[in-house]
Amino acid sequence: MNREPLLLTEAEAALRLQVCTRTLRKARHSGLLHYVLIGRAIRYTLADLESYIERLRQVQPNCPPKEPTRRTSLPSRKGGEIVPFTERNRRR
């Protein structure tokens, strides 16, 4: 019988979420992540982790349609001459 633990340590919870423990601490201090305090030991339930994930869930908004662009000519260069990159410093 392989049973899931009732409570997870900070390291176990971080491993499950694939984040570092510091990320969990920041989320806990900001109130985004609920936790269980037993004495001085901080533990997390699977429901705590699932609700944290739901709070962070985002949907990418649709991009507004692009306006058609008009092609413009390139800005004119002084002298109108194209100089290869390797020869630029030689001409000065």
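All residue numbers refer to positions in the sequence shown, counting from 1. Bear in mind that the values here come from a model prediction, so they are computed numbers and not experimental data.
The minimum heavy-atom distance linking Arg28 with Tyr44 is given by the pair NH1-OH, 2.9 Å. Across all their heavy atoms, Ala14 and Leu24 have their closest contact at N-CD1, 3.4 Å. Across Tyr35 and Leu33, no two heavy atoms sit closer than the pair CD2-O, 3.8 Å.
Between the CG atom of Leu46 and the CG atom of Leu6 there is a distance of 8.5 Å, given to the nearest 0.5 Å. Separation of atoms CG (Leu32) and CG (Leu56) is listed at 6.0 Å; rounding is to 0.5 Å.
For Arg25, the side-chain hydrogen bond (donor to acceptor under 3.5 Å, both in side chains) partners at least two apart in sequence or on another chain are Glu10, Thr21. Every residue meeting the salt bridge (charged side-chain N to carboxylate O under 4.0 Å, His left out) condition with Arg57, not counting sequence neighbours, appears here in chain and number order: Glu54. Remark: Leu7 pairs with Val36, Ile38, Arg43, Thr45 by the side-chain contact (heavy atoms from CB on, under 4.5 Å) rule, at least two apart or across chains.
Contact of the Ile53 side chain with the Leu17 side chain is registered, since non-hydrogen atoms from C-beta on lie closer than 4.5 Å.
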